[in-house]
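The structure under discussion appears below in the form of structure tokens.
Atoms within each ligand, like the ligands themselves, are counted from 1 in listed order. All figures in this text were calculated on a predicted structure; none of them were measured in a lab.
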Amino acid sequence: MRIVITGNQGYIGPMVVKHLKKTLSDLHITGVDTGYFKSGWTGSQASPECLVDKQLFADVRDIDADVLNGADALIQLAAISNDPMGNAYEQVTHDINCVAATRLTKVAKSAGVRSTIIASSCSIYGQGDDSARTENSVTDPLTAYAKSKLNLEHAVQGMASEDFQVTSLRFPTACGISNNLRLDLVLNDFVASAMVNGRIEILSDGSPWRPLIDTQDMARSIEWALTRSSPNEAPFLAINAGCNESNYQIWQLAELVKDFAPNVEIATNPKASPDKRSYKVDFSRYAELAPNHQPKISLSQSIGSIWESLNKVRFADKNFRSSDKMRLNVLKAYRTAGRLDSDLRWVH
Ligand SMILES: NC(=O)c1ccc[n+]([C@@H]2O[C@H](COP(=O)([O-])OP(=O)(O)OC[C@H]3O[C@@H](n4cnc5c(N)ncnc54)[C@H](O)[C@@H]3O)[C@@H](O)[C@H]2O)c1
């Protein structure tokens with residue numbers, strides 16, 4: 001099988017590539033990434049570009065059919081990948097996450113690629129109550145990032161056909177280890193804070209609901225999407241990819257980290273304006289369709305592995321929220337240095 005994967009040098013990409021190499025045979029993987037983020041800081045793990053058979057350094061807004069000719073599947077991870085970046089670069093977020101991914105999907109179909117997988121997000125459900133959202137629930141994307149993901153789903157839905165399967169995996173918030181670990185994700189941030197500051201600072205009152213998934217389980221989901229073939233399944237499928245047990249309120253995540261590191265102090269911010277992004281998600285459909293690819297990694301295991309990974313590199317940066325471990329800071333630093341233009345294209 002020949003696979004093209006965009007965004008392979010980010011946080012999730014290396015875990016997907018490693019997993020596919022382990023589980024599928026006769027695989028040739030081409031990675032396409034523009035290289036925004038430095039990799040490999042957590043130690044001796046291979047850099048993401050070393051894991052693929054071929055690496056192209058390119059922008060998904062520019063690539064054409066040549067890259068996709070002969071490929072069986074296209075996995076699309078390249079994106080401006082969280083709300084802070086989406087808020088800072090709204091138009092670019094739309095252009096990369098929606099416009100470029102839509103165009104690439106069209107190009108893939110014309111090139112004879114048989115399936116594409118989109119890394120969508122449960123954040124498209126926006127503000128919910130305590131009832132869990134199914135794939136048929138009303139969506140209410142509150143941010144530029146969430147809107148770009150939902151708009152992409154809408155744009156590619158009609159392209160799916162008998163010869164071209166489109167799977168949109170609506171993922172929970174990621175956590176866990178990677179060859180390119182990032183700390184701007186809620187659980188990763190809590191573990192890093194617990195380790196270096198002995199304190200977890202919850203930026204809200206702790207009440208919002210958030211489902212979580214380990215990077216290794218995301219990789220297993222992508223493997224499922226690549227190989228799904230039930231005749232009863234429509235060529236287009238948008239599915240909540242996680243498990244029902246993974247819905248947590250933010251304060252519960254902090255308590256679980258405290259279970260691991262009991263001396264840690266937890267501080268909430270009752271005065272913070274309420275975080276409207278709160279969603280509990282129903283993953284029953286995924287349990288039904290992907291019984292052999294259900295999430296396996298418990299939250300406690302994720303916490304343990306992030307801790308171990310940080311410990312190995314003697315992580316000690318108390319001010320990591322201002323560091324390059326946060327995606328937005330990296331983009332801002334490149335902008336300030338004149339390395340990226342306002343469209344987040346490299347200045348050569
Ligand atoms: N991390 C999460 O919590 C989470 C949850 C749900 C869905 N997702 C989705 O999964 C995907 C991967 O997430 P991640 O955490 O690895 O993000 P990431 O930011 O760590 O990695 C994204 C990668 O895409 C590349 N990229 C960005 N714009 C590009 C462009 N124009 N051309 C080529 N490459 C480009 C970056 O260089 C980076 O290597 C994203 O689509 C994200 O929206 C992530």
Side-chain angles (χ1 to χ4, degrees), residues 4-17 31-41 47-49 52 55-63 67 75-86 89 92-101 103-104 117-125 141 143-150 152-153 168-189 210-215 217-219 221-222 240-242 246 277 279 281 302 324-331 334 340-341 343-346:
V4 174
I5 175 169
T6 71
N8 69 297
Q9 297 178 1
Y11 171 56
I12 293 156
M15 303 307 283
V16 172
V17 171
V32 181
D33 200 298
T34 195
Y36 285 148
F37 306 114
K38 228 190 276 169
S39 60
W41 67 274
S47 292
E49 57 273 27
V52 289
Q55 180 70 55
L56 300 175
F57 288 91
D59 194 303
V60 289
R61 289 169 285 185
D62 304 328
I63 57 174
V67 175
I75 301 170
Q76 305 196 56
L77 301 181
I80 300 302
S81 60
N82 68 10
D83 289 335
M85 286 188 285
Y89 304 105
V92 183
T93 298
H94 174 70
D95 290 346
I96 294 176
N97 297 13
C98 180
V99 179
R103 187 187 67 86
L104 207 55
I117 293 147
I118 286 159
S120 188
S121 163
C122 291
S123 63
I124 62 171
Y125 295 115
T143 60
Y145 170 72
K147 284 176 189 156
S148 72
K149 292 289 177 181
L150 188 61
L152 172 61
E153 266 189 20
S168 181
L169 298 169
R170 295 177 177 175
F171 281 125
T173 299
C175 61
I177 52 163
S178 165
N179 301 51
N180 192 355
L181 187 60
R182 54 189 282 194
L183 297 182
D184 51 3
L185 293 162
V186 61
L187 189 72
N188 298 7
D189 172 278
R210 205 57 53 80
L212 263 82
I213 187 168
D214 191 275
T215 49
D217 287 327
M218 292 174 92
S221 254
I222 288 175
N240 299 332
S246 73
R277 300 164 309 162
Y279 40 92
V281 178
S302 301
D324 65 359
K325 306 303 177 272
M326 318 299 275
R327 295 288 188 245
L328 178 59
N329 293 342
V330 176
L331 295 183
Y334 280 134
L340 284 174
D341 69 15
D343 290 331
L344 300 184
R345 288 180 185 278
W346 294 110

query = What pairs with N240 under side-chain contact (heavy atoms from CB on, under 4.5 Å), at least two apart in sequence or on another chain?
reply = Y125, E135, R170, V281, F283

side-chain contact (heavy atoms from CB on, under 4.5 Å) against D214, all qualifying residues, sequence neighbours excluded = Q216, D217, I297, S302

Between [X] (side chain only) and [Y] (backbone N and O only), is there a donor and an acceptor less than 3.5 Å apart?
| X | Y | value |
| --- | --- | --- |
| W346 | T34 | yes |
| Y11 | L183 | no |
| R103 | I63 | yes |
| T6 | L77 | yes |
| S246 | P211 | no |

Only heavy atoms of [X], strictly under 4.0 Å: list the atoms of ligand 1 that pass.
| X | result |
| --- | --- |
| A58 | 32 (N), 33 (C) |
| I96 | 28 (N), 31 (N) |
| A174 | 1 (N), 2 (C), 3 (O) |
| R327 | 18 (P), 19 (O), 20 (O) |
| S120 | 6 (C), 7 (C) |
| P172 | 5 (C), 6 (C) |
| A119 | 9 (C), 10 (O), 11 (C), 41 (O) |
| G35 | 37 (O) |

Of the non-hydrogen atoms in [X] and [Y], which two are nearest, and what is the gap between them?
| X | Y | answer |
| --- | --- | --- |
| D343 | R61 | O-NH1, 2.7 Å |
| V60 | A78 | CG1-CB, 3.9 Å |
| L331 | L344 | CD1-CD1, 4.0 Å |
| A241 | P172 | O-CD, 3.0 Å |

Considering only protein heavy atoms, which is closest to [atom], and at what distance to one decimal place?
| atom | answer |
| --- | --- |
| atom 21 (O) of ligand 1 | G10 CA, 3.3 Å |
| atom 11 (C) of ligand 1 | L77 O, 3.2 Å |
| atom 31 (N) of ligand 1 | D59 OD1, 3.0 Å |
| atom 16 (O) of ligand 1 | I12 N, 2.9 Å |
| atom 30 (C) of ligand 1 | V60 CG2, 3.6 Å |
| atom 34 (N) of ligand 1 | T34 N, 3.2 Å |
| atom 38 (C) of ligand 1 | D33 OD2, 3.6 Å |
| atom 27 (C) of ligand 1 | A79 O, 3.4 Å |

query = Which part of Q76 is near ligand 1, with near meaning a heavy atom under 4.0 Å away: side chain, backbone, both or neither?
reply = neither

request  = With heavy atoms only and a cut-off of under 4.0 Å, state how L185 meets ligand 1: side chain, backbone, both or neither.
outcome  = side chain

ask   = Evaluating non-hydrogen atoms only, which member of F57, Y145, Y36, F37 is closest to atom 8 (N) of ligand 1?
value = Y145

inquiry  = Tell me whether ligand 1 is touched by K149 - counting only heavy atoms on the residue side and a distance under 4.0 Å.
reply    = yes

message = Polar contacts were defined as any N/O atom of the residue lying under 3.5 Å from an N/O atom of the ligand; does this apply to S121 and ligand 1?
response = no

Beyond-backbone contact of Y145 with N97, side-chain heavy atoms, under 4.5 angstrom = yes

key: salt_bridge(D62, R345) N-O dist < 4.0 Å   = yes

